[in-house]
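The figures that follow rest on heavy atoms only: side chains count, while hydrogens, waters and symmetry mates do not. A note on names: the letters A, B, ... follow the listed sequences, proteins ahead of strands, and every chain is numbered from 1.
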Amino acid sequence: MTKNILNFHKETARIFAENLLQWFYKSKRALPFRETKNPYNIWISEIMAQQTQIDTLIPYYHRFVEAFPDVTALATAPEDKVLKLWEGLGYYSRAKNLHKAAKIIHEEYDGIFPDHYDALIKLPGIGPYTGGAIASIAFKEKVPAIDGNVLRVISRFNNYSGDIADVKVKKAITDWVAQAIPDAPGDFNEGLMELGALVCTPTNPKCMICPERDICEAFKEGMTNQLPIKSKKQRQKKLEMEVGIIDMGGALYLVQRPEKGLLSGLWSFPIIEEEKTKPGNAIRQTLKTVFPDLPEGKVIGNSKHVFSHVIWNMTVYYFEIDPVMAAEAPEKYGDAQAAFKDREQLAAVALPTAFSKLLALL
DNA sequence: CACGCGTGGCA
DNA sequence: TTGCCAAGCGT
């Protein structure tokens, strides 16, 4: 049977921390951002790690810190260059907030990285988890860093049935961890996450090699596969979309996404929701407002793209236009920036995966 | 405060 | 194929 109350027992927590640290020092992965305690590098890696698997972020991390080795380099870079380095990683507001925070540190903190939790979480993009991670790892502050791994590990360790999507449950687990933090807060926090990533995994946890097996309540009760409890999120809404690719002698017409909402600020092909009774009409009519002489297009394929909260079923229309139309090539698409981009120019702008994968249809 | 916000891996 | 999940944050 599971428990719906989370109790803290000091001695149990002490042994838990001891086991964890011993395991972590022996079993931790060699990750690039573990080669330093520089708060800047820790920060970049932690922002990239939000909702992202470590293996995915590693090449991005290398490229990013090479291009922007310190806060000043990032603060003084143009935003489009920052977004370009984030291209394909998703959740692009992370990159924008990273850039904003770098400017704040550069201008208001004299380039000196804030060295404690309370100051860190005031920066855009740094919330309770990331603030705790940077403060504990780079500055040895005794604060928790509660991510999805930690919620799962602590839930199982205590055979605790609280719904980890519930803020009250998150707070209870945060309090438990805060009291359990030993003298090496950074290693402890990293160890908790590493245990969740390598051993106490969401499915098929490797209890046989777990350093906490002997004192894990869920293991004792045979509940590891039922925990944690997590309420479900609702399903993505499906949208039928029409994409227009205009090709002018190899240069493609790109538009910048609006300032708010999905993929905001990044580049895309013109795209609009289909009018159900008239397939192809919506994109064609929209494009004709900027290209009155638009020739007939053809469908070159379909593409499905799954976002966090919506699914696009895209029908891709292809239009070839004469280079003489370059003279009238509009730099505005509605209110948005727009331009024909040749291969080299295309490579310089941030084109999200939803659109870059359409290039394979050409 | 429930929801908006990307992408890739995996049973 | 489908759904779930991954080192969350802003509003």
Original post:
Do the ring planes of A:Trp43 and A:Phe113 sit parallel (below 30°), tilted (30 to 60°) or perpendicular (above 60°)?
Top reply: perpendicular
Original post:
Hey, does the side chain of A:Thr353 come within less than 4.0 Å of B:dT7's phosphate (OP1/OP2), counting only N and O?
Top reply: yes
**OP:** Rounded to whole angstrom, note down the P distance from B:dG6 over to C:dT11.
**Re:** 14 Å
Original post:
Distance check: side-chain N/O of A:Gln51 vs OP1/OP2 of C:dA6, anything under 4.0 Å?
Top reply: no
**OP:** Return the set of residues passing side-chain hydrogen bond (donor to acceptor under 3.5 Å, both in side chains) with A:Ser27 (not counting sequence neighbours), or none when no residue passes.
**Re:** A:Trp23
Original post:
Taking the six-membered ring for Trp, are the ring centroids of A:Phe307 and A:His309 within less than 6.0 Å of each other?
Top reply: no
Original post:
Does the pair A:Glu108/A:Lys122 count as a salt bridge with the N-to-O cut at 4.0 Å?
Top reply: no
**OP:** Tell me which of A:Phe33 and A:Ile126 sits closer to the 5' end of DNA chain C, going by the nucleotide each one is nearest to.
**Re:** A:Phe33
Original post:
With a 6.0 Å cut-off on ring centres, are A:Phe319 and A:Tyr253 close enough?
Top reply: no
**OP:** Rounded off to whole Å, could you give me the CH2-to-C1' distance for the A:Trp312 and B:dC5 pair?
**Re:** 12 Å
**OP:** For A:Leu192, report the nucleic acid contact type (base, sugar-phosphate, nothing); a contact means any heavy atom under 4.0 Å.
**Re:** nothing
**OP:** Could you work out which one of C:dA7, C:dA6, B:dG4 sits closest to the side chain of A:Ala49?
**Re:** C:dA7
Original post:
Looking for any heavy atom pair under 4.0 Å, which part of the strands does A:Leu89 touch: base, sugar-phosphate only, or nothing?
Top reply: base
**OP:** Under 4.0 Å between any heavy atoms, over every strand shown, what does A:Val167 touch: base, sugar-phosphate, or nothing? Just pick one.
**Re:** nothing
**OP:** Scan A:Lys304 against the nucleic acid and name what it touches under 4.0 Å (heavy atoms): base, sugar-phosphate only, or nothing.
**Re:** sugar-phosphate
Original post:
On a whole-Å scale, what distance lies between the P atoms belonging to C:dC9 and B:dG9?
Top reply: 24 Å
**OP:** Using a 4.0 Å heavy-atom cut-off across all strands, classify A:Leu262 as base, sugar-phosphate, or nothing.
**Re:** sugar-phosphate
Original post:
How many Å lie between OH on A:Tyr60 and P on B:dG8, as a whole number?
Top reply: 7 Å
Subject >> Same-atom distance (P) from B:dC1 to C:dA6, integer angstrom >> reply: 24 Å
**OP:** Look at the side chain of A:Thr130 and decide which nucleotide, out of C:dC9, C:dT2, C:dA7, has an atom nearest to it.
**Re:** C:dC9
Original post:
5'-most contact on DNA chain B: A:Gly88 or A:Asn204, nearest heavy atom basis?
Top reply: A:Gly88
Original post:
Taking atom P of B:dG4 as reference, at what distance in whole Å does atom CG of A:Leu266 sit?
Top reply: 20 Å
Original post:
Within the structure shown, what part of the strands sits under 4.0 Å from A:Ile47 by heavy-atom distance: base, sugar-phosphate, or nothing?
Top reply: nothing
Original post:
Does A:Arg235 make a side-chain N or O approach to OP1 or OP2 of C:dG3 shorter than 4.0 Å?
Top reply: yes
Subject >> Distance-only donor-acceptor test, A:Tyr91 side-chain atoms vs B:dG6 base atoms, 3.5 Å >> reply: yes
Original post:
Is the number of heavy atoms from other residues, nucleotides or ligands under 6.0 Å of A:Gln236 CD greater than 12?
Top reply: yes
**OP:** Starting from the 5' end of DNA chain B, give me the residue, A:Thr203 or A:Leu351, whose nearest nucleotide shows up first.
**Re:** A:Leu351
Original post:
Between C:dC9, B:dG9, B:dG6, which nucleotide gets closest to the side-chain atoms of A:Gln53?
Top reply: B:dG9
Subject >> Partner nucleotide, any strand, of C:dG10 [Watson-Crick/G-U, under 3.5 Å] >> reply: B:dC3
Original post:
Taking atom C1' of B:dG4 as reference, at what distance in whole Å does atom OH of A:Tyr92 sit?
Top reply: 16 Å
**OP:** Considering only atom C1', compute the distance from C:dC5 to B:dC5 and round it to an integer number of Å.
**Re:** 16 Å
Original post:
Do the non-hydrogen side-chain atoms of A:Gln285 and A:Thr289 ever get within less than 4.5 Å of each other?
Top reply: no
**OP:** Give A:Thr52 one of three labels, base, sugar-phosphate or nothing, depending on what nucleic acid heavy atoms sit under 4.0 Å from its own.
**Re:** base
**OP:** Rounded off to whole Å, could you give me the CZ-to-C1' distance for the A:Arg94 and C:dG10 pair?
**Re:** 14 Å
Original post:
Yes or no on side chain to side chain donor-acceptor pair (under 3.5 Å) for A:Asn281 and A:Glu275, after CA distance, side-chain angles and deciding distance?
Top reply: CA-CA 7 Å; A:Asn281 187 62; A:Glu275 298 170 14; 3.0 Å; yes
**OP:** Please report, rounded to the nearest Å, how far the C1' atom of C:dA6 is from the CD1 atom of A:Ile54.
**Re:** 9 Å
Subject >> A:His309 NE2 - B:dG4 P separation (whole Å) >> reply: 6 Å
**OP:** Mind checking A:Arg34 for me? I need base, sugar-phosphate or nothing, with any heavy atom below 4.0 Å counting as a touch.
**Re:** base
Original post:
Under a 4.5 Å cut-off applied to non-hydrogen side-chain atoms, are A:Ile246 and A:Phe269 in contact?
Top reply: no
Subject >> Whole-Å gap separating C1' (C:dA7) and CZ (A:Arg29) >> reply: 9 Å
Original post:
Residues from residues 131-156 of chain A sitting under 4.0 Å of DNA chain C, heavy atoms only?
Top reply: A:Asp147, A:Gly148, A:Asn149, A:Arg152
**OP:** Tell me what A:Gly196 touches on the nucleic acid: a base, only sugar-phosphate, or nothing, going by heavy atoms under 4.0 Å.
**Re:** nothing
Original post:
Does atom NZ of A:Lys298 have more than 12 heavy-atom neighbours, drawn from other residues, nucleotides or ligands, at distances under 6.0 Å?
Top reply: no
Original post:
Within the structure, does a side-chain N or O atom of A:His305 lie under 4.0 Å from either OP1 or OP2 of B:dT7?
Top reply: yes
